[in-house]
Asks: 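Take this structure first; my questions come after.
The residues of the chain are indexed from 1 along the displayed sequence. These figures come from a predicted structure and were not determined experimentally.
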Amino acid sequence: MHSKSRCYLAALTTLSLLVLALAVVSAQAQVKTRISIATGGTGGVYYPLGGGFAALISKHLPGVEATAEVTTASVDNMKLLHADKIAVALTQSDIALDAYQGQLKGFNEKVSVRTISALYSNYMHIVALDGSGIKTINDLRGKRVSTGAPGSGTEVKGLRVLEAYGITAKDLKSQDRLGASESAAAMKDRKLDAFIWDGGLPTAAILDLGATPGIKIQLIPHGDAVAKMVSKYGPVYFVGTIPKGTYGGMETDVPVAALTNLLAVHERMDESLAHQITKLLLERTADLVAVHPAAKEITLKSAVVGSPVPFHPGALRYYKEKGIKVPGAQ
């Protein structure tokens with residue numbers, strides 16, 4: 001072979017190896033920690049809020065990329081957390097407690113769930129079609145009612161509200177198990193008399209329903225169910241008020257069963273990552289308020305109130321740095 005050709009081949013080989021080495025270095029630099037956030041259905045509050053937080057994480061935590069997953073919400077989210085299929089979950093506090101104690105319906109394993117922060121309150125909406133004859137919870141007997149999607153905290157809490165009045169699913173004419181968007185759609189089609197939904201204020205699907213021409217909705221008060229719920233299931237519930245005017249046609253304040261939502265992770269999450277997530281949530285809350293007004297409730301002081309399960313060590317470190325005392329923490 002001619003010496004020039006040999007030199008050319010050698011140079012080409014060297015160049016190829018250099019390109020390959022650069023590609024490997026580049027690929028290593030681009031490797032990111034990918035985390036999923038389990039949210040809820042598209043018509044509720046978990047989904048937009050979880051999506052907003054995923055975007056914040058991807059933008060502000062170097063080397064971390066987050067995505068929001070549509071789920072049927074709290075119960076499923078705890079199972080996904082246990083199975084290591086997601087890293088972060090939005091959940092109702094009652095469901096987190098059930099999971100922690102190994103008392104999730106149909107799932108007897110204890111979930112090592114840990115709290116990052118309390119978020120905002122969930123208000124039980126019992127939405128009835130005006131003209132359906134439903135003015136009180138007892139009027140739901142013999143009616144077509146959706147009690148929430150399977151795997152949702154709405155279903156668990158909704159059935160507990162009914163139970164406080166001595167009502168079971170068997171007392172209904174029919175029981176559908178639909179999420180907020182599907183329930184609202186079924187009510188527009190006059191296929192339901194009422195539906196149960198547990199969510200933040202306002203919930204998009206109910207706003208849309210209340211603004212639909214020819215549809216008038218009522219929210220059924222049930223604040224007096226809370227004492228019985230607390231005595232049976234623990235102090236995770238409190239009486240909250242859905243203020244008049246929250247939805248179209250609401251002319252009075254409505255007392256309802258409320259609880260605190262949590263941002264939760266598994267105890268196995270790296271402490272540094274949990275610390276970064278806590279810091280990001282509480283120092284860029286304004287970005288989340290722009291996504292959904294329910295995030296206005298998220299503050300440094302309220303973040304440590306209302307969790308029935310322990311906080312993650314990474315979150316505790318952040319609160320300690322900020323001088324915030326966490327109830328029950330050492």
Asks: Within the structure provided, determine whether L49 and T39 are in side-chain contact (heavy-atom separation under 4.5 Å).
Replies: no

Asks: Do any N or O atoms from the side chain of T212 and from the backbone of I215 form a donor-acceptor pair under 3.5 angstrom?
Replies: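 No, the answer is negative, given that no donor and acceptor are paired below the 3.5 Å cut-off.
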
Asks: If we only count heavy atoms from C-beta on, is the F195 to L178 side-chain gap below 4.5 Å?
Replies: no

Asks: What's the verdict on side-chain contact (heavy atoms from CB on, under 4.5 Å) for V239 and D224, showing C-alpha distance, side-chain angles and the deciding distance?
Replies: CA-CA 8 Å; V239 179; D224 49 359; over 6 Å; no

Asks: What orientation do H82 and H266 show, parallel under 30°, tilted 30 to 60°, or perpendicular over 60°?
Replies: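 If you compare the ring of H82 with that of H266, the planes turn out tilted.
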
Asks: Is it the case that more than 12 heavy atoms not belonging to F311 sit under 6.0 Å from its CZ atom?
Replies: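 It does: F311 CZ has more than 12 such atoms within range.
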
Asks: Side chains of L263 and V88: does their closest heavy-atom pair fall under 4.5 Å?
Replies: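 The answer is yes; the side chains approach within 4.5 Å.
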
Asks: So L140 and I126, side-chain contact (heavy atoms from CB on, under 4.5 Å) or not? Walk me through it.
Replies: CA-CA 10 Å; L140 292 173; I126 298 182; 4.2 Å; yes

Asks: How close do I116 and A315 get, counting heavy atoms only, and between which atoms?
Replies: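 Heavy-atom minimum between the residues: O-CB, 3.7 Å.
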
Asks: Calculate, to the nearest 0.5 Å, the distance between atoms CD1 and CE belonging to I242 and M124 respectively.
Replies: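 Those atoms lie 9.5 Å apart.
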
Asks: Hey, could you give me the CD/NE2 distance between Q276 and H60, rounded to the nearest 0.5 Å?
Replies: 13.0 Å

Asks: When rounded to the nearest 0.5 angstrom, what is the spacing between OG in S74 and NZ in K79?
Replies: 12.0 Å

Asks: Roughly how far apart are Q103 CD and N108 CG, rounded to 0.5 Å?
Replies: 9.5 Å

Asks: Stepwise, does the side-chain contact (heavy atoms from CB on, under 4.5 Å) test hold for L273 with V265?
Replies: CA-CA 11 Å; L273 181 57; V265 297; over 6 Å; no

Asks: Going by an N to O cut-off under 4.0 Å, is there a salt bridge joining K85 and D76?
Replies: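 Salt bridge: no.
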
Asks: Can you find a pair of side-chain heavy atoms, one from E163 and one from T168, that are under 4.5 Å apart?
Replies: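 They are not in side-chain contact.
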
Asks: Under 3.5 Å, side chain of D193 to main-chain N/O of S132, donor-acceptor pair present?
Replies: no

Asks: Membership question, hydrophobic clusters at under 4.5 Å side-chain separation (ILVMFWY): are I298 and L56 in the same one?
Replies: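 In one cluster: yes.
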
Asks: Report the C-alpha separation of W197 and S183 in whole Å, then their side-chain angles, then the decisive distance to 0.1 Å, and conclude whether the side-chain hydrogen bond (donor to acceptor under 3.5 Å, both in side chains) test is met.
Replies: CA-CA 9 Å; W197 164 254; S183 292; over 6 Å; no

Asks: Looking only at the aromatic ring of each residue, does the gap between the centers of H125 and Y247 stay below 6.0 angstrom?
Replies: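 For Y247 and H125, the ring centres are under 6.0 Å apart.
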
Asks: Below 4.0 angstrom, N of the basic side chain to O of the carboxylate: do E321 and K279 qualify?
Replies: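 Salt bridge flag = no for K279 with E321.
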
Asks: Which heavy atom of H312 sits nearest to which heavy atom of A274, and what is that distance?
Replies: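 Looking at all heavy atoms of both residues, the closest pair is ND1-CB, 3.4 Å.
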
Asks: For a quick test of reading the model, state the closest non-hydrogen atom pair linking S93 to P308 and the distance between them.
Replies: O-CG, 3.4 Å

Asks: Strictly distance-based, threshold 3.5 Å: is any side-chain N or O of H292 a donor or acceptor partner for the main-chain N or O of P202?
Replies: yes

Asks: Can you find a side-chain donor-acceptor pair between Y237 and D94 that sits under 3.5 Å?
Replies: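 Indeed, the side chains of Y237 and D94 share at least one donor-acceptor pair under 3.5 Å.
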
Asks: So, for G166 and D171, which heavy atoms are closest and what is the spacing to 0.1 Å?
Replies: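 Looking at all heavy atoms of both residues, the shortest contact is O-OD2, 3.9 Å.
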
Asks: Should the pair R268-D84 be classified as a salt bridge under the 4.0 Å nitrogen-to-oxygen rule?
Replies: yes

Asks: If we ignore hydrogens and angles and just use 3.5 Å, is the side chain of D130 paired with the main-chain N or O of I217 as donor and acceptor?
Replies: no

Asks: With the 4.5 Å side-chain cut-off for hydrophobic clustering, are I35 and F53 part of the same group?
Replies: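 Both belong to a single hydrophobic cluster.
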
Asks: Distance from R141 atom CZ to N138 atom CG, nearest 0.5 Å?
Replies: 5.0 Å

Asks: Regarding K322 and E283, does a basic nitrogen lie under 4.0 Å from an acidic carboxylate oxygen?
Replies: yes

Asks: Check whether any side-chain heavy atom of N77 lies under 4.5 Å from a side-chain heavy atom of L81, and answer yes or no.
Replies: no

Asks: Do side-chain atoms of T299 reach the backbone of S302 as a donor and acceptor pair under 3.5 angstrom?
Replies: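 The answer is yes, because a donor-acceptor pair under 3.5 Å joins these two groups.
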
Asks: Taking a hydrophobic cluster as the set of Ile, Leu, Val, Met, Phe, Trp and Tyr residues connected by side-chain heavy atoms closer than 4.5 Å, whether directly or through intermediates, do L282 and Y120 fall within one such cluster?
Replies: yes

Asks: Hey, does the side chain of T71 reach the backbone of A73 with a donor-acceptor pair shorter than 3.5 angstrom?
Replies: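 Yes, the answer is positive, given that a donor and an acceptor are paired below the 3.5 Å cut-off.
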
Asks: Check whether the side chains of Y46 and Q92 place a donor and an acceptor atom closer than 3.5 Å, and report yes or no.
Replies: no

Asks: Tell me yes or no: between the side chains of E69 and Y47, is some donor less than 3.5 Å from an acceptor?
Replies: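 No, no side-chain donor-acceptor contact under 3.5 Å.
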
Asks: If every non-hydrogen atom of P221 is compared with every non-hydrogen atom of I137, which pair is closest and at what distance?
Replies: O-CG1, 4.0 Å

Asks: Begin with the C-alpha distance, continue with both residues' side-chain angles, and end with the deciding distance and a verdict on salt bridge (charged side-chain N to carboxylate O under 4.0 Å, His left out) for D98 and R160.
Replies: CA-CA 13 Å; D98 283 358; R160 288 177 181 179; 2.9 Å; yes

Asks: Under 3.5 Å, is there a donor-acceptor pair between the side chain of H275 and the main chain of R317?
Replies: no

Asks: I need the L259 CG to N261 CG distance, nearest 0.5 Å.
Replies: 6.0 Å

Asks: Taking the side chain as everything from C-beta on, heavy atoms only, tell me whether M78 gets closer than 4.5 Å to T91.
Replies: yes

Asks: For the side chain of S307 and the backbone of V309, is there at least one donor-acceptor N/O pair under 3.5 Å apart?
Replies: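 Yes: the side chain of S307 pairs with the backbone of V309.
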
Asks: For S121 and E297, which I'm curious about, is there any donor-acceptor pair between the side chains at under 3.5 Å?
Replies: yes

Asks: Ignoring hydrogens and angles, state whether a donor on the side chain of T136 or D139 is under 3.5 Å from an acceptor on the partner side chain.
Replies: yes

Asks: So L288 and L281, side-chain contact (heavy atoms from CB on, under 4.5 Å) or not? Walk me through it.
Replies: CA-CA 8 Å; L288 295 178; L281 174 75; 3.6 Å; yes

Asks: Between R144 (side chain only) and L172 (backbone N and O only), is there a donor and an acceptor less than 3.5 Å apart?
Replies: no

Asks: Can you check whether V145 reaches Q175 side chain to side chain, under 4.5 Å on heavy atoms?
Replies: no

Asks: Indicate, with yes or no, if I134 and V161 share a hydrophobic cluster defined by side-chain heavy-atom contacts under 4.5 Å among Ile, Leu, Val, Met, Phe, Trp and Tyr.
Replies: yes

Asks: Assess, by modelled atom type and distance only, whether the side chains of E65 and S58 contain a donor and an acceptor separated by less than 3.5 Å.
Replies: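 Distance-only check fails for E65 and S58.
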
Asks: Do the side chains of D253 and K244 get close enough for a salt bridge, i.e. N-O under 4.0 angstrom?
Replies: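 Looking at D253 and K244, the cut-off is not met.
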
Asks: Measure from the side-chain N and O atoms of T241 to the backbone N and O of P243, and report whether any donor-acceptor pair falls under 3.5 Å.
Replies: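 The answer is no, because no donor-acceptor pair under 3.5 Å joins these two groups.
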
Asks: Between V304 and V326, what is the shortest heavy-atom contact and its length?
Replies: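 Answer, listing the atom of V304 first, then V326: CG1-CG2, 3.7 Å.
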
Asks: Group every Ile, Leu, Val, Met, Phe, Trp and Tyr by side-chain heavy-atom contacts under 4.5 Å, then state whether L262 and L300 land in the same group.
Replies: no

Asks: Any side-chain heavy-atom pair from I277 and M269 closer than 4.5 angstrom?
Replies: yes

